[in-house]
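Here is the structure we will look at, set down as structure tokens.
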Amino acid sequence: MKFHVVTIFPEFFRGPFEHGVVARAKAAGVLDIQVHDLRTWTSDRHKTVDDRPFGGGEGMLLKAQPVFDAVESIWPERTLGEAGRKVVLLSAQGRRFTQSVAREYAALESVLLLCGRYEGVDERVAEHLADEELSIGDYVLSGGELGAAVVIDAVARLIPGVLGNEASAVQESFTTAGLLDCPQWTRPAEFRGWKVPDVLLGGNHEEIRKWRIEAAREKTRRMRPDLLNEA
Ligand code: 4HQ
């Protein structure tokens, strides 16, 4: 699977992808991430990517032209709504990014992530260039870069062949799908007087399995009751 990222801060992506699952997926050759500097597609001396909003108001907007030129140069033959690859604009106004969106993206050949900055992006990008606007959550970031990193991380661990994913990412069983993870402990069995539940110390795997399902349900009921009312 391939990601393209278009940003005015390409250096931002040096760190996040050099560790853990994403780094391993890249090393294994199942994931490729190409980061592009939006200023590549400017032609003036100051490499201008922003301008003032029509009608007035606070701050600046990313101009449509460099963003259109970037996408059209990265994917010259692409058409809107094409199967297999998607242009995604990170935006607080977008569809909410969830695990099911991550699974959707992991099945694509390529995703091109557009990271806005300033007060936003000229609306013609959302309207006529991006296949969709995507939000990682209901809060305001100062740029799309953190959102793009979140999306790449969540999708990378679902790619077949990424080390450990057959066991851990896909372990989600029929009975615990859509629930929070159950609580877990490691040694010692007692720490500062706090004990690990007895059932987990005995070797009864059927008992443990049932206990974990119930613990996941109870944790979900307590922390995220909204998840129990979903399909
Ligand atoms: N943005 N999920 C980028 C976000 C955001 C989000 C606000 C998008 C700022 C420039 N992105 N603009 N939430 O808050 O993805």
Side-chain angles (χ1 to χ4, degrees), residues 1-19 22-23 25-26 31-97 101 105 108-137 139-156:
M1 146 139 227
K2 176 146 191 176
F3 279 103
H4 290 279
V5 181
V6 174
T7 172
I8 62 167
F9 294 124
E11 337 74 62
F12 179 96
F13 295 94
R14 291 281 134 81
F17 305 143
E18 281 170 14
H19 307 277
V22 174
K26 282 168 64 187
L31 173 66
D32 183 32
I33 305 171
Q34 217 172 304
V35 179
H36 308 267
D37 187 342
L38 181 64
R39 294 189 201 276
T40 305
W41 293 280
T42 57
S43 43
D44 63 309
R45 208 158 51 85
H46 296 106
K47 304 192 182 221
T48 308
V49 292
D50 61 329
D51 206 341
R52 290 157 36 223
F54 278 118
E58 278 303 296
M60 303 288 271
L61 300 177
L62 269 192
K63 290 158 59 69
Q65 170 269 315
V67 183
F68 272 78
D69 286 351
V71 173
E72 288 163 2
S73 119
I74 295 165
W75 284 345
E77 309 287 66
R78 172 238 177 205
T79 52
L80 248 175
E82 192 184 303
R85 52 187 184 176
K86 244 178 198 272
V87 173
V88 175
L89 174 67
L90 277 306
S91 152
Q93 286 74 47
R95 166 162 80 128
R96 172 69 69 75
F97 183 63
V101 178
Y105 286 6
L108 297 175
E109 173 205 298
S110 311
V111 174
L112 192 161
L113 299 169
L114 298 172
C115 305
R117 275 274 155 180
Y118 316 108
E119 304 323 304
V121 182
D122 185 299
E123 187 65 14
R124 286 166 289 201
V125 169
E127 212 46 17
H128 304 294
L129 184 65
D131 293 292
E132 77 169 323
E133 290 182 82
L134 187 74
S135 167
I136 64 158
Y139 33 75
V140 183
L141 301 170
S142 48
E145 286 78 7
L146 279 167
V150 165
V151 169
I152 291 171
D153 187 280
V155 172

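- Under the 4.5 Å side-chain criterion, counting only non-hydrogen atoms from C-beta, Leu112 is not in contact with Arg85.
- Looking at heavy atoms from C-beta onward, Val71 lies out of side-chain contact with Val6 at the 4.5 angstrom threshold.
- Other residues, nucleotides and ligands contribute over 12 non-hydrogen atoms within 6.0 Å of the CZ atom of Arg95.
- The shortest non-hydrogen separation linking Leu108 to Gly84 is CB-O, 3.5 Å.
- Of all heavy-atom pairs between Val49 and Pro66, the closest is CA-CG, 4.3 Å.
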(message) Could you walk me through whether Glu18 and Lys26 satisfy the salt bridge (Lys or Arg N to Asp or Glu O under 4.0 Å) test, starting with their C-alpha distance in whole Å, then the side-chain angles of each, then the deciding distance to 0.1 Å, before giving a yes or no?
(response) CA-CA 9 Å; Glu18 281 170 14; Lys26 282 168 64 187; over 6 Å; no
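- Counting only residues at least two apart or in different chains, ring pair (Phe, Tyr, Trp, His ring centres under 6.0 Å) contacts with residues 44-97 comprise His4-Trp75.
- The shortest heavy-atom contact between Ala130 and Leu89 is CB-CB, 4.0 Å.
- To the nearest 0.5 Å, atom CG of residue Asp37 and atom CD of residue Glu11 are 7.5 Å apart.
- Here salt bridge (charged side-chain N to carboxylate O under 4.0 Å, His left out) pairs that include residues 40-66, with residues two or more places apart or in two chains, number zero.
- Contact annotation: the side chain of Val121 never approaches that of Ser91 to less than 4.5 Å [non-hydrogen atoms, C-beta and beyond].
- Closest approach of Ala156 and Val22 over heavy atoms only: CB-CG2, 3.9 Å.
- For Phe13, the ring pair (Phe, Tyr, Trp, His ring centres under 6.0 Å) test picks out Phe17, with sequence neighbours left out.
- Looking only at side-chain heavy atoms (C-beta outward), Ile8 and Leu38 come within less than 4.5 Å of each other.
- Residues satisfying the salt bridge (Lys or Arg N to Asp or Glu O under 4.0 Å) test with Arg96, not counting sequence neighbours, are Asp138.
- Listed by chain and number, the residues in a side chain to side chain donor-acceptor pair (under 3.5 Å) with Asp131 are Arg78 (sequence neighbours excluded).
- Nearest heavy-atom pair, Gly144 versus Leu90, reported as atom, atom and distance to 0.1 Å: O-CG, 3.7 Å.
- Contact record, Asp122 with Ala64: CB-N, 3.8 Å, taken as the closest heavy-atom pair.
- Between the CD1 atom in Ile136 and the CG atom in Leu146 there is a gap of 7.0 Å [rounded to 0.5 Å].
- The shortest side-chain heavy-atom distance between Val111 and Phe3 falls under the 4.5 Å cut-off.
- Expressed to the nearest 0.5 Å, how far NE2 of His36 lies from CH2 of Trp41 amounts to 5.5 Å.
- Taking the side chain as every heavy atom from C-beta outward, Arg117 and Glu145 approach each other to under 4.5 Å.
- The closest side-chain heavy-atom distance from Leu62 to Leu114 is not below 4.5 Å.
- Residues Thr7 and Phe12 have side chains not in contact (no heavy-atom distance under 4.5 Å, counting atoms from C-beta outward).
- Atom CZ of Arg39 is separated from atom CZ of Phe9 by 7.5 Å, given to the nearest 0.5 angstrom.
- The salt bridge (Lys or Arg N to Asp or Glu O under 4.0 Å) test applied to Asp32 returns Lys2, not counting sequence neighbours.
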